[in-house]
Amino acid sequence: MISSRLLELLREWVPRQRWYTNKGRTPALSVVAQWELPSAEAGVDIRVHLLEDTSGERPVLFQIPVTSRTEPLVGSGALIGTDGATLYYDGPHDGAFADAVLALTVGAANSGGGSDGALKGTGLTTLGHAKFGGSRVLSGEQSNTSIIVDTAVAGGTPAICKIFRVLHPGENPDVAVQCALAAVGSAHVPKPLGYLTGTWTDPRSGRPAHGHVAFAQEFLPGVEDAWRVALRAAAAGADFTEPARSLGAATSDVHSDLARAFPTVPATAESIAAMVDGMRERYRTARYDVPSLGEFADAVEAALTAAGTAQWPLLQRIHGDYHLGQVLWAPDRGWMLIDFEGEPLRPMDERGHPDAPLRDVAGMLRSLSYVAGSVARSDGPHAAAAVTAWVEAARESFLNGYADASGHDPRDTAALLAAFELDKALYEARYEARNRPDWLPIPLQAVRRLCGLG
């Protein structure tokens, strides 16, 4: 079981991590389970701790892998703390953990066990060899931690193994959706390699629970996310219409694949009303963080009322948190979509509900507009006119690509598309008010435009 010293260190360390969801609070951590992983490196102990934090509005279950060493880990800045001669490190930054968790995840090693639970890997392919080479943590993530692991066998497949920091009972949409897309032959998702499932005792009910702990897929070397590609083009004034068009087509292709992989359902009067009411509730919530949104109350209500009476498409599984950062450009394969976990603020059990594909379309339109806002922030007012023309052309090309590939033009249901884009802009306003107040003008400008006020 976890030592009192390590638990004390984690209470100090956890609030500083990007994936900690209860920012501004002192963690109230209690132990739910502990899993032990076999270590191929002598003198290294590997344990995965499940800790429940009850400091926020609702309990959160965190996964915290920890390696224990008696000698310093060279080149690592991931030291959690010390207990006498024992040094504790954040597991994903330790090669010993990276090897152990990937071997479990792809089924190349026996499952791990521990107190009140166990781990079981489900391999989906043969990955090189049970021995893996150098690893590194992908920088920039906020909600999870991904480890890039190179195989030790010549010609083997490099892998990226995502460690889910917040655990939930049941399947994680990222695992379920990408595996289903691969099964129907989608050309726009990386190949899944395996996933790791954990079991533990639910602290609320006392009954066994299980959920996805890690997910491994092929790593695509030499790729860039679409945000960087688009931002560089916008800053240079380079034409982005063809990449935007092909991105629209790729988005449509994935929506089509999702409709084959998962059930579709008609949008009923009840489901439409529930979704529009959800938008109203998000507007009311956003007003608490951004009081100036109150001036748009009548216009927001008019937009949502129009959405409620619009013609809705079939509802289906969608990406759910779609933006330029969720797409990679692979030179030999085109646009690749990743991170299908859904909108972070939504409860996990709601993220897999059938939804309107226009929500993803609106999310990408907002992301393209954010590129323009970012360039204008950096280059000043003199760049506004040029970057406005750039983003308008990119948005139209994205919609053209989507329409050509799907046979359905999102602009034919303009009121519904505008409502989803407005809903996303309100979400952005709340986020920026909490995290980056100086970026708040970007979504506020969008709200004003979508409300027909400028």
Side-chain angles (χ1 to χ4, degrees), residues 18-19 92 136-149 158-165 173-174 177-178 181 186-192 215-236 238-255 318-344 360-375 377-378 387 390-391 394-395 397-398 401-402 424 427-428 431-432 435-436 439 442:
R18 298 185 69 178
W19 43 260
R136 59 196 182 279
V137 170
L138 188 67
S139 63
E141 286 187 296
Q142 293 192 10
S143 56
N144 299 300
T145 304
S146 293
I147 312 167
I148 302 168
V149 182
I160 182 166
C161 188
K162 179 183 290 187
I163 309 300
F164 299 118
R165 290 294 194 167
D174 200 23
V177 172
Q178 293 206 61
L181 285 172
S186 176
H188 295 290
V189 293
K191 180 181 178 181
F215 179 44
Q217 56 191 323
E218 66 170 326
F219 175 67
L220 304 172
V223 301
E224 281 189 294
D225 67 54
W227 170 261
R228 295 180 185 178
V229 176
L231 188 64
R232 186 168 59 247
D239 181 70
F240 195 69
T241 54
E242 179 53 32
R245 188 208 61 78
S246 63
L247 178 56
T251 304
S252 172
D253 289 346
V254 171
H255 281 163
I318 65 170
H319 186 285
D321 186 31
Y322 197 45
H323 54 79
L324 290 165
Q326 310 285 42
V327 184
L328 304 175
W329 173 253
D332 58 339
R333 292 166 68 174
W335 295 115
M336 307 292 287
L337 278 63
I338 58 172
D339 294 339
F340 287 80
E341 282 189 83
E343 186 180 303
D360 283 347
V361 174
M364 188 55 67
L365 293 176
R366 287 296 314 129
S367 194
L368 287 167
S369 293
Y370 249 75
V371 171
S374 179
V375 171
R377 274 177 45 81
S378 299
V387 78
W390 181 95
V391 74
R395 284 165 56 101
S397 291
F398 173 79
Y402 190 95
K424 184 66 173 181
Y427 169 91
E428 294 162 355
Y431 176 87
E432 301 298 14
N435 298 279
R436 300 185 302 187
W439 285 66
I442 296 176

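Excluded from the calculations below are hydrogen atoms, water molecules and symmetry mates; all remaining heavy atoms, backbone and side chain alike, are included.
Residue Glu343 holds its CD atom at 6.0 Å from NZ of Lys424, rounded to the nearest 0.5 Å. Note that OG of Ser369 and CD1 of Ile442 are 9.5 Å apart. Values are rounded to the nearest 0.5 Å. Note that CD1 of Ile147 and CZ of Arg136 are 12.0 Å apart. Values are rounded to the nearest 0.5 Å. To the nearest 0.5 Å, atoms CG (Asp339) and CD (Gln178) are separated by 7.0 Å. In this structure, the separation between CG on Leu138 and CD1 on Ile160 is 5.0 Å, given to the nearest 0.5 Å. To the nearest 0.5 Å, the span separating CD1 on Ile338 from CG on Leu220 amounts to 9.0 Å.
With a 4.5 Å cut-off on side-chain heavy atoms, Glu341 and Phe164 count as touching. Using a 4.5 Å cut-off on side-chain heavy atoms (C-beta onward), Arg165 and Pro92 make contact. No side-chain heavy atom of Tyr431 sits less than 4.5 Å from a side-chain heavy atom of Trp439.
The two residues Asn144 and Trp19 have their closest heavy-atom pair at N-CB, 4.5 Å. Listed here is the closest heavy atom pair of Gly222 and Pro331: O-CD, 3.9 Å. Scanning all heavy atoms of the two residues, the minimum distance from Ser246 to Pro243 falls at OG-O, 2.9 Å. Closest approach of Val177 and Phe340 over heavy atoms only: CG1-CD2, 3.4 Å. Of all the heavy atoms in Asp174 and Lys162, the pair that sits closest is OD2-NZ, 2.7 Å. Scanning both residues, Ala372 and Val387, for their nearest heavy atoms gives CA-CG2, 3.5 Å.
Residues that satisfy the salt bridge (charged side-chain N to carboxylate O under 4.0 Å, His left out) test with Asp253, not counting sequence neighbours, are absent from this structure. Under the rule for a side-chain contact (heavy atoms from CB on, under 4.5 Å), the partners of Leu324 that lie at least two apart in sequence or sit in another chain are Ala226, Trp227, Ala230, Leu247, Met364, Ser367, Leu368, Val371. Scored by the ring pair (Phe, Tyr, Trp, His ring centres under 6.0 Å) test, Trp335 finds Trp329 as partners (sequence neighbours excluded).
At least one donor-acceptor pair closer than 3.5 Å links the side chain of Glu218 to the backbone N or O of Lys191. Between the side chain of Asp225 and the backbone N or O of Val327 there is no donor-acceptor pair closer than 3.5 Å. Judged by distance alone, the side chain of Gln326 and the main-chain N or O of Asp321 form a donor-acceptor pair under 3.5 Å. Proximity of a side-chain donor or acceptor of Ser252 to a complementary backbone N or O of Gly248 within less than 3.5 Å is not detected. A donor-acceptor pair under 3.5 Å links the side-chain atoms of Arg395 to the main chain of Leu365, judged by distance alone.
With a 6.0 Å radius and a threshold of 12 heavy atoms from other residues, nucleotides or ligands, Arg228 has its CZ atom at or below the threshold.
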Exercise for review: Run the numbers on Val375 and Trp390 for side-chain contact (heavy atoms from CB on, under 4.5 Å), then give the verdict.
Suggested key: CA-CA 11 Å; Val375 171; Trp390 181 95; over 6 Å; no
Practice item. For Val229 and Phe240, run side-chain contact (heavy atoms from CB on, under 4.5 Å): C-alpha distance rounded to whole Å, both residues' side-chain angles, the deciding distance at 0.1 Å, then the answer. Key: CA-CA 9 Å; Val229 176; Phe240 195 69; 4.0 Å; yes
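Here Tyr402 and His255 bring their ring centres to under 6.0 angstrom of each other.
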